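One structure is given below, encoded as structure tokens.
As the structure is a prediction and not an experimental result, all values here were calculated from the model. Basis for what follows: all heavy atoms, side chains included, without hydrogens, waters or symmetry-related copies.
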2 protein chains.
Amino acid sequence: MDDLTEMLKGTLEGCVLEIIGREETYGYAITRQLHELGFADVVEGTVYTILLRLERNKLVQVTKRPSGVGPPRKFYALNDAGREELARFWTKWQYVSSRIDRLKEGGR
Amino acid sequence: MDDLTEMLKGTLEGCVLEIIGREETYGYAITRQLHELGFADVVEGTVYTILLRLERNKLVQVTKRPSGVGPPRKFYALNDAGREELARFWTKWQYVSSRIDRLKEGGR
DNA sequence: TACCACTATACGGTATCACCGAGTAGCAGA
DNA sequence: TCTGCTACTCGGTGATACCGTATAGTGGTA
């Protein structure tokens, strides 16, 4: 699938939140998980900018741990604000996607 | 629903294409139609920027007609390139939204 | 006549977001 | 020593929706 970047704006961050919400994880692993999910063109740099933004906006708790196979990893976990933001994201997604689907199905 | 603007990036233009694809119409009417569809916060200025962009990218055919109740209207209709772009949009939407839904439903 | 409301479009500037590219760094195997 | 994989950072770019304002035609009303 070619160039989804514009369509991912506003949703990719939510996807990252969802992934972090399942279990504490780190940037490099999140990137690979996104690839497996079908977002094959999302590059590492993008994921890290999102993670830094989440950290700046105080939606995550960060813990640095040694890796054993490379540089130390920064593990991310949602805090209360992050879980609220994630809930808001899914509410918005539900709203927007249902309305677009209705439009697609010929809804007026 | 509050502040959907980021999530609409990359999809609003496609929605406008879809609306134009159904019947020749003009900016002011498109705005009201979007409001009825649930995108209540989309303002006129946004729709006009999209329309000017569609025109610049040669995806639409434009006809100016007098209105009777105000200034002349610029009617927009899709041309072949516009119809192709619309089809591409729905393909992308299908791809992206299905994957996000899968993520939402706990799919890894 | 003056004012207001509704219809209708245009445009310069702004914020946000994903992406790009380059850099830094640790570890393992050939 | 060199290559490849792992892992994170950061400055700059382009696309997009939004904001605010301006312009303009028509009709109603005080």
Between A:Tyr95 and A:Arg99, is there a cation-pi geometry (under 6.0 Å to ring centre, at most 45° from the normal)? yes

How long is the line joining CG of A:Leu4 and C1' of D:dT16, in whole Å? 16 Å

5'-most contact on DNA chain C (nearest-nucleotide basis), A:Ile50 vs B:Ala29, goes to B:Ala29

Donor-acceptor contact present, side-chain B:Lys74 to main-chain B:Thr25, <3.5 Å: no

Round to a whole Å and report the spacing from CG of B:Asp3 to P of D:dC18. 9 Å

To the nearest Å, give me how far apart CD1 (A:Ile30) and C1' (D:dT9) are. 15 Å

Identify the 5'-most and 3'-most nucleotides of DNA chain C with at least one atom closer than 4.0 Å to a non-hydrogen atom of chain A. C:dC17 to C:dC27

Pair B:Glu85 + B:Arg88: basic N to acidic O under 4.0 Å: yes

What is the separation between atom CG on A:Leu52 and atom C1' on D:dC8, rounded to the nearest whole Å? 8 Å

Under-4.0 Å side-chain N/O to phosphate OP1/OP2 contact, B:Arg53 with D:dA15: no

Using a cut-off of 4.0 Å on non-hydrogen atoms, how would the nucleic acid contact of B:Glu44 be classed: base, sugar-phosphate, or nothing? base

Length of the CE-P vector between A:Met7 and D:dA15, whole Å: 16 Å

Any salt bridge between B:Glu6 and A:Lys9, counting N to O under 4.0 Å? no

Distance in angstrom units between B:Asn57 CG and D:dA15 C1', rounded: 11 Å

Gap between atoms CD and P, on A:Gln33 and D:dA7 respectively (whole Å): 14 Å

How long is the gap from CD on B:Gln61 to CG on B:Leu78, to the nearest 0.5 Å? 10.0 Å

Can B:Glu36 and B:Arg32 be counted as an ion pair, charged N to O under 4.0 angstrom? no

By nearest nucleotide on DNA chain D, pick out whichever of B:Thr5 and A:Phe75 is the more 5' one. A:Phe75

The side-chain hydrogen bond (donor to acceptor under 3.5 Å, both in side chains) partners of A:Glu44 (sequence neighbours excluded) come to none

Identify the pairs formed between an N or O of the protein and an N or O of nucleotides 19-27 of chain D at a distance under 3.5 Å, and give each distance.
none

Any side-chain N or O of A:Tyr28 under 4.0 Å from OP1/OP2 of D:dT6? yes

Is any side-chain N or O of A:Lys9 under 3.5 Å from a base N or O of D:dA17, one able to act as donor and the other as acceptor? no

I need the NZ-C1' distance between A:Lys64 and D:dA7, as an integer number of Å. 10 Å

Are B:Phe75 and B:Ile20 close enough that some pair of their side-chain heavy atoms sits under 4.5 Å apart? no

As a test of understanding, state which of A:Val42, A:Leu34, A:Thr46 forms a side-chain contact (heavy atoms from CB on, under 4.5 Å) with A:Leu8. A:Val42

